[in-house]
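The block underneath contains the structure these notes are about, expressed in structure tokens.
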Amino acid sequence: MNYWLMKSEPDVFGIDHLKAMPKKTEHWDGVRNYQARNMMRDEMKKGDQVFFYHSNCKEPGIVGIAEVVKEGYPDFTAWNPESKYYDPKSTEETPRWFMVDIKFKRKLKRTITLTELKHQPGLEEMALVRRGNRLSIMPVRKQEWTLILGLE
DNA sequence: GCCAACGTTGGC
DNA sequence: GCCAACGTTGGC
């Protein structure tokens, strides 16, 4: 089993939005970055665990846990001219963008803030705390996952 | 709201 | 294929 971290802006789609979805599940559409796409298309597997991270907000940090329930499939919002994620270069025959479905598992008892993660020994290698990192999806090592959960 | 970092685009 | 310009991300 693998571990991941996915960023989302709480004003747009936060952990509570996910929890409120039917079946507490939502497809992760709108990712238009190749590295992140490759992870969703090729590497994220059913049952993988996901840290749900709130970005671009007052208190950026990890707020909950979700699980991959559907593996990579084409992001259909790219085919919809009405969508803000529309990309004419992506077609049904040769889809360019992919997504997975994730399901809400639980909220953390508290937000584990970015500041805290930055100062936590053992997490230096995490992409999240490295300067200038803008990836919206990133792998988390098992030992990092365990360490972070221990901070809760 | 500012701005650094970084990815993408497009002219050449 | 280089690289400047531009757009976006996201912390602060």
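Sequence lines set the chain letters: A, B, ... in the order given, protein chains first and strands last, and positions in each chain run from 1. Keep in mind the model is a prediction, meaning the values are calculated, not measured. Just the heavy atoms: all of them, side chains too, but no hydrogens, waters or symmetry mates, feed the values below.
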| task | Round to a whole Å and report the spacing from NE2 of A:His54 to C1' of C:dG11. | result | 16 Å

| Check ion pair A:Glu125-A:Arg130 (N to O, under 4.0 angstrom) | yes

| message | Salt bridge check, A:Asp75 against A:Arg37: does any charged N sit closer than 4.0 Å to a carboxylate O? | response | no

| query | Starting at CD1 of A:Ile62 and ending at P of C:dG10, how long is that distance when rounded to a whole Å? | reply | 14 Å

| request: With the side chain of A:Tyr34 defined as its heavy atoms from C-beta on, choose the nearest nucleotide among C:dG7, C:dC12, B:dT8. | output: B:dT8

| Over its full length, what angle do the end axes of the helix from B:dG1-C:dC12 to B:dC12-C:dG1 make, each axis taken from five pairs and the result rounded to 10 degrees? | 10°

| request: Give the rounded distance in Å between these two atoms: CG of A:Leu135 and P of B:dT8. | output: 10 Å

| request: Using a cut-off of strictly less than 4.0 Å, decide whether A:Lys7 has a side-chain nitrogen or oxygen near OP1 or OP2 of C:dT9. | output: no

| said: Distance check needed: B:dG7 P versus A:Asn133 CG, whole Å only. | reply: 9 Å

| Whole Å only: how far is the CG atom of A:Asp11 from the C1' atom of C:dG11? | 15 Å

| Over 12 non-hydrogen atoms of neighbours within 6.0 angstrom of NZ in A:Lys142 | no

| message | At less than 4.0 Å, is any side-chain N or O atom of A:Tyr53 found next to OP1 or OP2 of C:dG11? Yes or no. | response | yes

| query | What is the distance from NZ of A:Lys118 to C1' of C:dC12, rounded to the nearest Å? | reply | 9 Å

| task | Can you measure from CH2 (A:Trp145) to CD1 (A:Ile65) and round to the nearest 0.5 angstrom? | result | 4.5 Å

| note | Heavy atoms of A:Glu67 and A:Lys105 approach each other most closely as OE1-CD, 3.4 Å

| said: Measure CG/A:Asn38 against C1'/B:dG7 and give the value in whole Å, please. | reply: 14 Å

| task | Look at A:Lys84 and C:dT8 and indicate whether a side-chain polar atom (N or O) is within less than 4.0 Å of OP1 or OP2. | result | no

| field | Nearest-Å distance for atom pair CE/P, residues A:Met138 and B:dC6 | value | 13 Å

| Taking the nucleotide of DNA chain B with the closest heavy atom to each, which residue, A:Asn56 or A:Arg131, is nearer the 5' end? | A:Asn56

| query | Between A:Gly132 and A:Lys89, which has a closest nucleotide on DNA chain B that is more 5'? | reply | A:Gly132

| message | I want to know whether A:Tyr73 and A:Trp97 have ring centres closer than 6.0 Å. | response | no

| said: Given 3.5 Å as the limit, does a donor-acceptor pair link the side chain of A:Trp79 with the main chain of A:Thr91, or not? | reply: yes

| message | Mind checking if A:Lys58 touches a base, just sugar-phosphate, or nothing, with heavy atoms under 4.0 Å? | response | nothing

